[in-house]
Amino acid sequence: MGLSDLRQVVEAFQLRIADLPELLTGLLQQVPAGKVTTYGDLAKALGDSVASRWVATWLLEADCPLGELSHRVVRSTGDIGLYFSGDVQQKIARLQAEGIEVTESKVNLKQHRFALTKGSMPLLELKGWQTNFVCRARPPVMLGDIRTIAGLDVSYAGNQGIAVCSRFDVDGKTLISHASICRPVSFPYITGYLAFRELPLHLELLATMQEEGTLPDLLLVDGNGRLHPRRLGIATMLGALAGIPTIGIAKKRICGTIANDLPEVGVWEPIAASQTEPNDLLGYAILPHAKTKHPQYVSLGYGVDDHLMKTMVTRCFAGHRSPEPIHAADRESRRIASTIIATGA
DNA sequence: GCGACAG
DNA sequence: ATCTTGTCGC
C-alpha cells in the first residue's frame with residue numbers, strides 16, 4: 001500500500017459519515033407545538049431504532065442544545081420520561097401549555113404522535129455499507145513475519161478523542177513506543193456503529209505512523225472484529241481499510257451466545273451467533289487469569305487466522321485484564337486526556 | 001415482564 | 001467511554 005493511501009482512506013471514510021446531532025436537530029424541529037414524538041421514532045427516522053438510547057441521553061444532557069424542544073419527546077408507552085432540567089413537572093407543564101392533555105404522567109400518543117418525515121436515514125445507509133462490505137482477500141499473516149504488534153485505544157476529554165497506538169515487541173510484553181493523535185469527535189457511540197465514531201482517529205494515527213515507517217505488523221483493536229451484529233466490527237473494518245492484520249479485543253459481549261459463561265483460566269470458550277446457529281463461530285471468551293471473573297471477548301479482525309490469534313493474544317496476557325498492548329494504549333490515552341482537561345485545551 | 005447490546 | 005469517594009488489599 002502506497003504512502004499516501006491511508007490519508008486518502010481517511011478522507012473517503014469521513015465523507016460517508018453523517019452529522020447525526022445536526023440531523024436529529026432537524027427531525028425534532030419538525031415536531032410542532034401540540035404534537036409529540038418518541039425517542040424510538042426519532043431513532044428510526046435516523047435509520048435504526050438501536051439509536052434510541054443515544055437520542056434519549058443526548059436530549060437529557062444538561063447543556064442540551066435542543067432544550068427548547070425536547071419536552072416534545074416522550075416514551076413509546078406514552079409515559080412522559082425524563083427531562084434535561086431534572087424537573088419532569090416542568091416538561092409536563094410545557095406540554096400542557098401547548099394544549100396536550102397529560103393524565104397520570106402519560107400522553108395519548110394516538111392523538112398527539114407526530115408523523116416524522118423520514119429523511120436520509122444515515123444509520124440505515126451505514127448499516128447497509130457494513131452488511132455489504134467486502135474485505136479484500138489477503139493471505140493470513142504468518143507468525144514468523146511479525147516483528148512488532150500494537151494496541152489501539154481511544155479516550156475522550158469533552159468532544160476531543162485521543163487515539164493511542166502502543167507498539168510492542170512480538171514477545172507481547174516489551175513496550176517500544178507510543179504514538180498518539182487528538183481530534184474532535186462528533187459521531188456518537190451507538191451499539192454496532194463504533195467504527196464510525198473511532199475509525200477516523202485510528203486511520204489518521206496509522207497514516208502518521210505509516211509516514212514515519214513505524215506501522216506494526218499486527219494490531220490489537222479495542223472493540224470487536226467478527227463478533228458483531230453484522231460481522232463487521234471496528235477491528236475488521238480497520239484492518240480491511242488499512243490493509244493491516246487485526247484482532248478485536250472487547251471487555252463486554254456485544255452479541256452471540258456462550259455455552260459456559262465463566263470459563264476456566266486460559267480456555268478459549270467459543271461464542272456462537274445464536275443458539276439456533278451453534279456452528280456460526282463469532283469469537284471467543286477467555287479469562288486471562290484467576291484474579292478476575294470478567295473474560296475478554298476476542299474475535300478475528302482481518303488477515304489473521306484462528307490459531308495465530310490465540311497464540312498472539314495469549315502471549316500478550318500478563319498481569320492485567322487486557323492484553324498488554326491494549327492496556328498500555330488505554331493508560332497512555334487516559335493520561336493524555338487528563339492532561340487536556342487540566343490544561344483546559 | 002423479560003432481556004440488554006463494543007466504546 | 002466518562003462522571004465520581006472512599007475503601008480494601010498487595
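Order of the sequence lines sets the chain letters (A, B, ...), proteins ahead of strands, with each chain counted from 1.
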Let me know the distance between [atom1] of [X] and [atom2] of [N], rounded to the nearest Å.
X      : N     : atom1 : atom2 : answer
A/H202 : B/dG7 : NE2   : P     : 11 Å
A/K127 : B/dA6 : NZ    : P     : 15 Å
A/R230 : B/dC5 : CZ    : P     : 15 Å
A/Y189 : B/dG7 : OH    : C1'   : 6 Å
A/N224 : B/dA6 : CG    : P     : 9 Å
A/L238 : B/dG7 : CG    : C1'   : 14 Å
A/D48  : B/dA6 : CG    : P     : 14 Å
A/I190 : B/dA4 : CD1   : C1'   : 17 Å

Pick base, sugar-phosphate or nothing for [X], based on heavy-atom distances below 4.0 Å to the nucleic acid.
X      : result
A/F196 : nothing
A/I234 : base
A/G192 : base

Evaluate whether atom [atom1] of [X] has more than 12 neighbouring non-hydrogen atoms of other residues, nucleotides or ligands under 6.0 angstrom away.
X      : atom1 : answer
A/Q96  : CD    : yes
A/E277 : CD    : yes
A/E212 : CD    : yes
A/E61  : CD    : yes

Requested in this report: Please confirm whether A/R197 makes a cation-pi placement over A/Y156, using NZ or CZ under 6.0 Å from the six-membered ring centre and within 45° of the ring normal.
Outcome: yes

- Please say whether the positively charged group of A/R230, taken as NZ for Lys or CZ for Arg, lies over the ring of A/Y193, i.e. under 6.0 angstrom from the six-membered ring centre and within 45 degrees of the axis. yes

task: Please determine if a side-chain N or O atom of A/R253 lies less than 4.0 Å away from the OP1 or OP2 oxygen of B/dC5.
output: yes

Using side-chain heavy atoms (C-beta onward) and a distance below 4.5 Å, is A/L152 in contact with A/L220? no

Polar atom pairs (N or O), protein with nucleotides 1-5 of chain C, under 3.5 Å:
from	atom 1	to	atom 2	distance (Å)
C/dA1	OP1	A/R334	NH2	2.8
C/dT2	OP1	A/Y156	N	3.4

Sorted by number, residues from residues 294-313 of chain A placing a heavy atom under 4.0 Å from DNA chain B are none

Taking only nitrogen or oxygen atoms into account, show me every contact under 3.5 Å that the protein makes with nucleotides 7-10 of chain C, one pair per line with its distance.
none

For this session: Output, in order, the C-alpha distance, side-chain angles, deciding distance and verdict of salt bridge (Lys or Arg N to Asp or Glu O under 4.0 Å) for A/D169 and A/R147.
Result: CA-CA 7 Å; A/D169 183 87; A/R147 298 187 62 81; over 6 Å; no

**Report entry** Aromatic plane relationship, A/W58 with A/W54 - under 30° parallel, 30 to 60° tilted, over 60° perpendicular
**Finding:** tilted

Aromatic rings A/F196 and A/F13: how do their planes relate, parallel, tilted or perpendicular, breaks at 30° and 60°?
-> parallel

Next on the checklist: If you apply the rule salt bridge (Lys or Arg N to Asp or Glu O under 4.0 Å), what do you find for A/R7 with A/E211, and how did you get there?
Outcome noted: CA-CA 10 Å; A/R7 294 284 176 205; A/E211 287 156 10; 2.8 Å; yes

Requested in this report: Apply the test salt bridge (Lys or Arg N to Asp or Glu O under 4.0 Å) to residues A/D87 and A/K91: give CA-CA distance (whole Å), side-chain angles for both, the deciding distance (0.1 Å), then the verdict.
Outcome: CA-CA 7 Å; A/D87 181 6; A/K91 185 171 181 177; over 6 Å; no

